[in-house]
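Working notes, beginning with the structure itself.
Every chain is numbered from 1 and lettered A, B, ... according to where its sequence line falls, protein lines coming before strand lines.
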Amino acid sequence: GEAINALENFLNTYIPDHLILGMTIDTILQLIRGSASGSPLTIPLVYIYFFYTDQIIMNDLIDKNELFVRYRDEAFITWNHSEQQLSSLFSIAKSRFPEVKWHISSIDYPIHFVDIKVGHNTGHLFTGVYHQEMFYNDFLSSELNQLQNPNENIWNWLRKALLKAVRYCCDSVMFHSETGEIQRELLRRGHSEHIFDEALDEFYEDFGV
Amino acid sequence: VNYEKLRKHVSIYDKNRAAAKKERSENS
């Protein structure tokens with residue numbers, strides 16, 4: 001029911017003439033009601049529902065100075081107040097959204113949020129690129145190389161890896177550590193160090209540093 | 001390397017790309 005309400009709001013907001021292929025929003029909701037479970041519509045419906053719950057969580061429950069990020073069914077928040085206040089926040093969130101199942105992990109040890117490594121050093125948040133351990137498993141490497149590097153040349157791969165490093169790393173220390181990872185990965189694939197140095201210089205030059 | 005400057009320039013690059021993508025999708 002909550003998801004259907006969210007869908008109705010969503011359609012009313014984002015479809016200016018309230019029609020899709022000649023069907024009114026009421027018709028669409030009648031077609032969906034009772035048949036969404038297990039259908040390809042389920043996941044988009046869940047994301048539309050989260051789209052509205054995210055706004056409530058951000059506006060009402062989380063301080064403007066904190067970070068709130070969600071990707072699919074995982075969310076990440078920062079918290080600079082007491083643990084007791086954090087537990088009250090979760091109690092309120094659970095009572096307001098009882099249909100959502102909550103599994104909470106802290107970052108006492110670094111974790112990964114999708115492909116971002118997240119942790120803290122004595123309370124200071126850090127982020128970087130997360131590398132799945134299996135990528136370093138030689139037994140799997142040939143298959144994974146094919147998956148990670150389909151029909152691409154090494155220069156594209158390097159540029160993408162460097163862009164990702166800049167986007168994900170919280171500071172220059174993490175960034176330099178990540179460029180080291182990229183370099184090792186390149187050598188592991190049998191390329192020369194010279195290619196890495198050249199690509200890095202070109203990358204810096206492209207971005208004016 | 002000035003990392004803050006690099007981040008700033010990559011951020012501008014990302015914003016320009018997102019704006020161009022949005023414009024393309026609106027025109028199509």
Hey, are the side chains of A:L163 and B:Y13 touching, using non-hydrogen atoms and a 4.5 Å cut-off? yes
So which part of B:V10 gets closer than 4.5 Å to some heavy atom of chain A, the side chain, the backbone, both or neither? both
Hey, could you give me the CZ/CG distance between A:F207 and B:N2, rounded to the nearest 0.5 Å? 14.5 Å
With rounding to the nearest 0.5 angstrom, report the CZ to OG distance, B:R7 to A:S172. 10.0 Å
I'd like to know whether CD of A:Q55 has more than 12 heavy-atom contacts from other residues, nucleotides or ligands below 6.0 angstrom. yes
Show the nearest heavy-atom pair for residues B:L6 and A:Y204, with the distance to one decimal. CD2-CE2, 3.9 Å
Are the side chain of B:Y3 and the backbone N or O of A:V166 linked by a donor-acceptor pair below 3.5 Å? yes
Side-chain contact, heavy-atom cut-off 4.5 Å: A:F175 with B:V1? no
